[in-house]
Structures are given as C-alpha cells and as structure tokens.
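Both ligands and their constituent atoms are indexed starting at 1 by order of listing. Computed from heavy atoms alone, side chains included, the values below leave out hydrogens, waters and symmetry copies.
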Amino acid sequence: MEILKTISGKTKIMGIIGNPVEHSISPYLHNTISREVGFDAVYVPFPVCDSLENAVKGLKAINAVGFNVTIPYKKDVMKFLDENSKEALLMGAVNTVKNIEGRLYGYNTDAEGFSRSFREETGDSFRGKRVFIIGAGGATRAIAVKIAIEGAEKIYIANRTVSKAAEIADIINGNIKDIASSVDMDKKASEVFHDSSIIINTTSVGMWPHVEKSPLTDEYTFLNDQIVYDAIYNPCKTKLLLSAEEAGCKTVNGLGMLFYQGVNAYEIWTGLKLEEEFLRELFLSFKEMWQ
Ligand code: NAP
C-alpha cells in the first residue's frame, strides 16, 4: 500500500470560515494552485459552530497562514482582527485574513477579484466610465468603492430599498470622489441607464433556483454597446445576461469574480505572484468544472 505523503507536519494551513461552507468551491481552487506551484499547504473549509471570535482565535492559535471569511461573517470578523486594510474599511467587509507572526490583517479580495475579472474578461477598465449598478448589499458596496477608486466618472446605484443605495453613494462621495448617486428603480431611471456604458447586477435576483427572475423590468432596454456584468455565477447565464446578449451586449458572469478573489487571496497569503498563462489555463479548467 502506498503511503500518502501530500500532507506532513510541515504543511501550512489555509481555510475558509463561514456558515454554511459545505458548498464552497474554494478548496478545489486553492488546493489545485498549491499542487501546481508546489507550495506545501492545505485549504480546508471550517464551519463555524461556536462563536466567530473563537473560530478566529483558534485559527491564529494553530498558526494558519491565512483564511477566507464568507457569509454571514464578512463584516463581523473585522472587529476580531489586528488591522483592516483601508479599502476593506471603506468596503465594510473582509473576506481574506493573513496571519503575519501572530497578527491578523484583513483584506477584501472580492472587489479586487471583481475588478481583475472585469479587466481580463472584457479587456476594458472603469477609468472615465459611467456605471450603473443594481443592488445595495455587501457585494455592491465593495464593487462600487472599487470602481470609484479605479477612476469611474459617474456611478449610479439603483436598489429596491433606495436608502441603502444612498448610504453607499455617501460613502463614495465622502471618502473617494463626488461621483455617486442613488437611483430609485421604481421611478423612471431608464435615462441614466442609457447614459451608462457598463451595467452591473449585484443583487441576488435571478440566482438559482429563481432563474426566471430579472432585477430589471421591461422598461429597461439594453444598448448594444453596453457591457453587462452579473455577479451571479449560478446559473452561468441569468435572465439578465440572456436579454443583454440578445441585445448584442458583451456579457460576463460572476465566476471570474469568484476565481480571482481566490487567486488574490492566495497571492496575499503566500507572497507569490501567479503567472498569467497559468491563471488563464486554470480559469478554463475552473469554468469547465462549473459549466
Ligand atoms: P446582500 O447583502 O444580501 O444584498 C442583496 C441585494 O439584492 C440587495 O440590494 C437587495 O435589495 C437585493 N434583492 C434581494 N432580493 C430582491 C428582490 N426580490 N427584488 C429586488 N432586489 C432584491 O447580498 P450580497 O452579499 O451583496 O450578494 C449579492 C449577490 O452577489 C448574490 O447573488 C451573490 O451570489 C453575489 N456575489 C457574488 C460573488 C462572486 O464571487 N461572484 C461574491 C459576492 C456576492 P434590498 O436592499 O432592497 O433588500
């Protein structure tokens, strides 16, 4: 019988804490990267069944090199860390923690993952662009802050609960640049919709199993030169993306965001810079597994 030697006493620990974590595909991504680059680490999902504080202390106590944080702890975890990055503070959420000699540092790689996926998959950037974002939850705040940092000219934030959109607009206008406005989806917003060259859905509307739903009513029609990004990755093509595709728009789903947030976390933990060619190949395999 061959003895399994992939994990030894020297193997470093990475992981993800949240509840639930059983569905997470991050272990596939991180463990594949470690194998391919020859980094001696293992990535394990850890469901939080005691308090979040104890889970964080436990990972620090066993000297994990770093870990991801997922629903519902991305905001709450910040108070148990030694330091949070400036971006993470503006975004109000941490999804990646790095342990440096017993001190825990929080980062938000969801936003970086989104931005990297957008660049890679559209070949475009946010500099000087007018962007219409649907939603005002945790993902919206991270994405909207990132887009503002990356030089958008105007950001419209449209949400069912307008007050939440206004809160995010205030954060951007007060801390980055006065470029954000909230939009009431129920009032006529189609003018500002057509004024935008990039449309992003950050609501959960259209996510499996409610695949027949769209966050936009028929009042909103796409222009064929608009880029439409949906943060949802299940299904691969939401109703929103299907109608955008029909109108001739370039469309992207949220799988790239998920992929690149993981890549970015891995690079933060290990200090490695993963090669572009390797990442392109890995992303293809990741897509094949998913679609
Ligand atoms: P969240 O904080 O719960 O926010 C949910 C958003 O969806 C809010 O704006 C909410 O509007 C809106 N919404 C929910 N049900 C609605 C309905 N029936 N009609 C209209 N609006 C509705 O969630 P989140 O963490 O921001 O996540 C949002 C989406 O992003 C999810 O689909 C998630 O899968 C996706 N996401 C993807 C990635 C990735 O890596 N690709 C990462 C993070 C999140 P109200 O404010 O009015 O309630």
(request) Please work out whether the ring planes of Phe193 and Phe222 are parallel, tilted or perpendicular, with thresholds of 30° and 60°. (result) tilted
(message) Could you identify the single nearest non-hydrogen protein atom to atom 27 (O) of ligand 1 and state the distance to 0.1 Å?
(response) Ala139 CB, 4.0 Å
(request) Go through ligand 1 atom by atom and flag the ones less than 4.0 Å from a non-hydrogen atom of Ala136. (result) 9 (O)
(request) Please could you name the atoms of ligand 1 that Thr203 approaches to less than 4.0 Å, counting only its heavy atoms? (result) 6 (C), 7 (O), 12 (C), 29 (C), 32 (O)
(request) Could you say whether the N/O atoms of Gln261 and ligand 1 ever approach to under 3.5 Å? (result) no
(message) Please list the nearest protein heavy atom to atom 37 (C) of ligand 1 with its residue and the distance rounded to 0.1 Å.
(response) Ala231 O, 3.3 Å
(message) Below 4.0 angstrom, counting only protein heavy atoms, does anything approach atom 3 (O) of ligand 1?
(response) no
(request) If you have a sec, work out which protein heavy atom is nearest atom 28 (C) of ligand 1 and how many Å separate them, to one decimal? (result) Thr202 O, 3.1 Å
(message) If we set the cut-off at 4.0 Å for heavy atoms, which region of Tyr233 has an atom near ligand 1: side chain, backbone, both, or neither?
(response) side chain
(request) Distance to 0.1 Å, residue and atom name: give those for the protein heavy atom nearest to atom 5 (C) of ligand 1. (result) Ser204 OG, 4.3 Å
(message) Take a 6.0 Å sphere around NZ of Lys10 and say whether it holds more than 12 heavy atoms from other residues, nucleotides or ligands.
(response) no
(message) With nothing but distance in play, are any N or O atoms of Met257 less than 3.5 Å from an N or O of ligand 1?
(response) no
(request) Could you tell me which atoms of ligand 1, counted from 1 in the order shown, lie closer than 4.0 angstrom to a heavy atom of Gly138? (result) 2 (O), 26 (O)
(request) Give the residue and atom name of whichever protein heavy atom lies nearest to atom 18 (N) of ligand 1, and the separation in Å to one decimal. (result) Arg160 NH1, 3.4 Å
(message) I'd like to check which ligand 1 atoms, numbered from 1 as shown, lie under 4.0 Å from a non-hydrogen atom of Lys164.
(response) 45 (P), 46 (O), 48 (O)
(message) For Phe114 together with Tyr229, are the ring centres under 6.0 Å from each other?
(response) yes
(message) Please list, in number order, the atoms of ligand 1 under 4.0 Å from a heavy atom of Gly254.
(response) 39 (C), 41 (N)
(request) Look at Lys57 together with Glu53 and state whether they make a salt bridge at an N to O cut-off of under 4.0 Å. (result) yes
(message) With respect to Thr161, determine whether any N or O atom, backbone or side chain, lies less than 3.5 Å from an N or O atom of ligand 1.
(response) yes
(message) Check this for me: does any side-chain nitrogen of one of Arg130 and Glu191 sit under 4.0 Å from a carboxylate oxygen of the other?
(response) no
(request) Start with the C-alpha distance between Val94 and Tyr105, add both sets of side-chain angles, then the distance that settles side chain to side chain contact (heavy atoms under 4.5 Å, CB included), and finish with yes or no. (result) CA-CA 9 Å; Val94 155; Tyr105 295 84; over 6 Å; no
(request) Could you tell me whether Glu245 and Lys250 make a salt bridge, using a distance below 4.0 angstrom between a side-chain N and a carboxylate O? (result) no
(request) Output yes when a protein non-hydrogen atom is found under 4.0 Å of atom 23 (O) of ligand 1, and no otherwise. (result) no
(request) Run down the list Val205, Ile71, Asn234, Leu255 and name the one with the heavy atom closest to atom 20 (C) of ligand 1. (result) Val205
(message) Does this structure show an ion pair linking Asp110 with Lys146, if we count only N-O contacts that are shorter than 4.0 Å?
(response) no
(message) With nothing but distance in play, are any N or O atoms of Met207 less than 3.5 Å from an N or O of ligand 1?
(response) no
(message) Can you confirm, on distance only, whether ligand 1 has an N/O atom lying under 3.5 Å from any N/O atom belonging to Asn159?
(response) yes
(request) Indicate the atoms forming the closest heavy-atom contact of Asp40 with Ser8, along with that distance. (result) OD2-OG, 4.0 Å
(message) Between Phe118 and Phe126, is the ring centroid distance below 6.0 Å?
(response) yes
(request) Please examine the side chains of Phe46 and Val21, heavy atoms only from C-beta on, and report whether any two atoms are closer than 4.5 Å. (result) no
(message) Check this for me, if you would: do Arg127 and Glu153 make a salt bridge, where the nitrogen-to-carboxylate-oxygen distance has to be below 4.0 angstrom?
(response) no
(request) With heavy atoms of Ile232 as the reference, note each atom of ligand 1 found under 4.0 Å away. (result) 32 (O)
(message) For Ile171, is there any backbone N or O sitting under 3.5 Å from a side-chain donor or acceptor partner on Asn175?
(response) yes
(request) Number the atoms of ligand 1 from 1 as they appear, then name those within less than 4.0 Å of a heavy atom of Gly135, with their elements. (result) 9 (O)
